[in-house]
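Before any comments, here is the structure.
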Amino acid sequence: MLLEKIEGLLKEVSNLSAQKAEDVEQLRLKYLSKKGEINALMADFRQVPKDQKKEIGMKINELKQLAMEKINSLREEVAEEAVSSDDMDLTRTPYPIALGTRHPLTIVRNQIIDIFSRMGFTLFQGPEVDDDKHVFTMLNFAADHPARDMQDTFFIEQSDPGDVTKNVLLRSHTSGDEAHFMENHQPPFRILCPGRVYRNEAISARAHCFFHQVEGLYVDKGVSFTDLKQVLLTFAREMFGPDTKIRLRPSYFPFTEPSAEMDISCNICGGKGCGFCKHTGWVEILGCGMVDPHDLEACGIDSSVYTGYAFGMGVERITNLKYRVDDLRMFSENDKRFLEEFKSAY
Ligand code: DAH
């Protein structure tokens, strides 16, 4: 009887299985604890006749040994399973794959670069921490020119208040890159300078203390305003669609003569007039003009031989027109819900 019972338990124990650590613990309690099945056999064992004690005793030991080994190996099994199946299934397809998206300003900047690259412009980037000399003086701003205040420049160091050329500042426009490039190169050249600029403005939906511009400059023999117009028309149509019209309004910048501001036909109403374009049918997108001979000479370029044009546009402005982002603060708040809306090949 007892022998049969032990044989039965041996079979049972060798077939044990478990899914979780709790199951293993249940089995340990069932077979190996003080009140467990194997200990219970000891009570029966006392009744066993002497001549069978050896045989049955060995069987009980065998059972105990097997139960211990089995439960230990089950414990290892479920521990391995917990790691491989729950936490680290290496066979599983890793989706949804959270691909990052480019910032809308990067997308638009890259688009601008792409369009002008196809027209022969190469990239040049000057410093963000610059000096008065390159940002203003070489660009024909007089020492007392109000533009320095007008643009609300952040000055970092004014080592010699009497000499504006010594002042260190955060550049307030990318036009300074024109001076940086021209003082080290002779024409012909055609450059595009994207970058961040800073102005001491209170942050609001319509103004920010930093934003982005792209500057363009082309200097060669015989460059005319007609060239400028055609390049800007091509840009506007590539950027905003083939039906886009442009118009140039006379304006003033110290570093260009003549100067103009360029409008495009409102890309929301198609030029008919709407709230966005204040019912004019036009929206302004950039400033431009013929490089003032003063700037060429200040950089050692012979203005009797060479002429050039320049233009500068705000990346936020173009992005606003393209994607209708009305509040400038959105660009620097890093709200993932906003950023994830922009998917692009650029
Ligand atoms: N630098 C001007 C600004 O920040 C924009 C600009 C106007 C750039 C005319 C130019 C230009 O190159 O020719 O408002």
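- Atom CD of Gln19 has 12 or fewer heavy atoms from other residues, nucleotides or ligands within 6.0 Å.
- Counting heavy atoms from C-beta outward, Thr307 and Val219 have side chains that stay 4.5 Å or more apart.
- For the atom pair CG (Asp23) and CD1 (Ile71), the distance works out to 11.5 Å, reported to the nearest 0.5 Å.
- Formation of a donor-acceptor pair under 3.5 Å by the His103 side chain with backbone atoms of Phe331 is found in this model.
- Between the side chains of Glu257 and His294, not a single donor N or O lies within less than 3.5 Å of an accepting N or O.
- For the pair Met313/Phe235, a side-chain contact is recorded, criterion being any heavy-atom separation below 4.5 Å from C-beta on.
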Could you walk me through whether Lys5 and Asp44 pass the salt bridge (charged side-chain N to carboxylate O under 4.0 Å, His left out) test, one step at a time? CA-CA 11 Å; Lys5 196 171 173 186; Asp44 298 337; 3.7 Å; yes

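- With contacts defined as side-chain heavy-atom distances shorter than 4.5 Å, the pair Tyr198/Leu169 does not qualify.
- Side-chain contact between Pro104 and Leu339: present, with at least one pair of heavy atoms (C-beta onward) separated by less than 4.5 Å.
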Please test Thr153 against Phe136 for side-chain contact (heavy atoms from CB on, under 4.5 Å), starting from the C-alpha separation and ending with a verdict. CA-CA 11 Å; Thr153 307; Phe136 295 122; 3.4 Å; yes

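- Note on Val305 and Phe225: separate hydrophobic clusters, where clusters join Ile, Leu, Val, Met, Phe, Trp and Tyr whose side-chain heavy atoms are under 4.5 Å apart, directly or indirectly.
- Between Lys133 and Asp131 no salt bridge is recorded (no basic side-chain N to carboxylate O distance below 4.0 Å).
- Checked by atom type and distance alone, the side chain of Asp227 pairs as donor or acceptor with a backbone atom of Ser224 at under 3.5 Å.
- Between Phe255 and His173, the angle of the ring planes goes over 60°, which puts this pair in the perpendicular group of the 30/60° scheme.
- Partner Phe189 forms a ring-ring contact (aromatic ring centres under 6.0 Å, His included) with one of Phe124, Tyr218, Phe181, Tyr306 and no other, that one being Phe181.
- One hydrophobic cluster, built from ILVMFWY side chains closer than 4.5 Å, holds both Leu328 and Tyr323.
- A donor-acceptor contact shorter than 3.5 Å is absent between the side chain of Glu37 and the backbone of Lys30.
- In the hydrophobic cluster analysis, where Ile, Leu, Val, Met, Phe, Trp and Tyr join through side-chain heavy atoms closer than 4.5 angstrom, Phe121 is grouped together with Leu123.
- To the nearest 0.5 angstrom, Lys70 atom NZ is 5.5 Å from Ser73 atom OG.
- Between the side chain of Gln125 and the main chain of Pro194, a donor-acceptor pair closer than 3.5 Å is present.
- The cluster map of Ile, Leu, Val, Met, Phe, Trp and Tyr, joined by side-chain heavy atoms under 4.5 Å apart, puts Val223 and Leu192 in the same cluster.
- Side-chain contact check for Met239 versus Gln111: some heavy-atom pair is nearer than 4.5 Å.
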Using the salt bridge (charged side-chain N to carboxylate O under 4.0 Å, His left out) rule, take Glu261 and Arg249 through it: C-alpha gap first, then chi angles, then the decisive distance, then the call. CA-CA 5 Å; Glu261 280 172 300; Arg249 284 178 290 102; 3.5 Å; yes

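- Remark: Arg206 CZ is loosely packed, at most 12 non-hydrogen atoms of other residues, nucleotides or ligands lying under 6.0 Å away.
- The closest side-chain heavy-atom distance from Cys288 to Leu228 is below 4.5 Å.
- Shown here is Lys322, whose NZ atom has more than 12 heavy atoms of other residues, nucleotides or ligands within 6.0 Å.
- At least one side-chain heavy atom of Leu9 sits less than 4.5 Å from a side-chain heavy atom of Leu41.
- In this structure, Ala298 and Met138 approach most closely via the heavy-atom pair O-CE, 3.8 Å.
- Tyr31 pairs in a side chain to side chain donor-acceptor pair (under 3.5 Å) with only one of the listed residues (Glu12, Gln26, Lys64), which is Glu12.
- When atom types are taken as modelled, the side chain of Thr319 and the backbone of Val108 share no donor-acceptor pair closer than 3.5 angstrom.
- Taken from CZ in Arg190 to OG in Ser117, the straight-line distance is 11.5 Å, to the nearest 0.5 Å.
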Test side-chain hydrogen bond (donor to acceptor under 3.5 Å, both in side chains) on Glu183 and His134 and set out the steps. CA-CA 10 Å; Glu183 70 180 353; His134 291 87; 2.8 Å; yes

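- Using modelled atom types and a 3.5 Å distance limit, the side chains of His180 and Asp177 yield no donor-acceptor pair.
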For Ile264 and Trp282, run side-chain contact (heavy atoms from CB on, under 4.5 Å): C-alpha distance rounded to whole Å, both residues' side-chain angles, the deciding distance at 0.1 Å, then the answer. CA-CA 6 Å; Ile264 58 164; Trp282 297 96; 5.6 Å; no

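- Residues Asp292 and Thr256 bring no donor and acceptor atom of their side chains to less than 3.5 Å of each other.
- Side-chain atoms of Gln213 do not come within 3.5 Å of backbone N or O of Gly195 as any donor-acceptor pair.
- A donor-acceptor contact shorter than 3.5 Å links the side chain of Ser259 to the backbone of Phe253.
- Rounding to the nearest 0.5 Å places CG of Leu74 at 13.5 Å from CZ of Arg28.
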Evaluate Glu7 against Lys59 for salt bridge (charged side-chain N to carboxylate O under 4.0 Å, His left out), listing each step before the verdict. CA-CA 8 Å; Glu7 293 290 359; Lys59 271 283 172 209; 3.5 Å; yes

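- The number of heavy-atom neighbours closer than 6.0 Å to CD of Glu4, taken from other residues, nucleotides and ligands shown, is 12 or below.
- Note that the CZ atom of Phe210 and the CZ atom of Arg196 stand 4.5 Å from one another [nearest 0.5 Å].
- Atom NZ of Lys53 has more than 12 heavy atoms from other residues, nucleotides or ligands within 6.0 Å.
- Rounding to the nearest 0.5 angstrom, the gap separating the CD1 atom in Ile56 from the CG atom in Asp51 is 9.5 Å.
- Clustering ILVMFWY residues whenever any of their side-chain heavy atoms sit less than 4.5 angstrom apart, transitively, puts Ile318 in the very cluster that holds Val283.
- Contact record, Gln186 with Gly300: NE2-O, 2.9 Å, taken as the closest heavy-atom pair.
- Not one N or O on the side chain of Thr106 forms a donor-acceptor pair closer than 3.5 Å with the backbone of Arg102.
- Judged by distance alone, the side chain of Arg199 and the main-chain N or O of Ser172 form a donor-acceptor pair under 3.5 Å.
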Taking it one step at a time, do Ile191 and Cys193 satisfy side-chain contact (heavy atoms from CB on, under 4.5 Å)? CA-CA 7 Å; Ile191 56 163; Cys193 318; 3.7 Å; yes

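- In summary, Arg118 and Glu238 engage in a salt bridge, as defined by a charged side-chain N under 4.0 Å from a carboxylate O.
- A donor and an acceptor atom, one from each side chain of Thr101 and Glu340, are nowhere located under 3.5 Å apart.
- A donor-acceptor pair under 3.5 Å is formed between the side chain of Glu316 and the backbone N or O of His212.
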Start with the C-alpha gap between Val129 and Ile156, add the side-chain angles, then the distance that decides, and say whether side-chain contact (heavy atoms from CB on, under 4.5 Å) holds. CA-CA 9 Å; Val129 179; Ile156 292 174; 3.7 Å; yes

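- Taking each heavy atom of Leu32 and Ile38 in turn, the nearest pair found is CD2-CD1, 4.0 Å.
- Side-chain contact between Cys277 and Ile268 is absent, with no heavy-atom pair separated by less than 4.5 Å.
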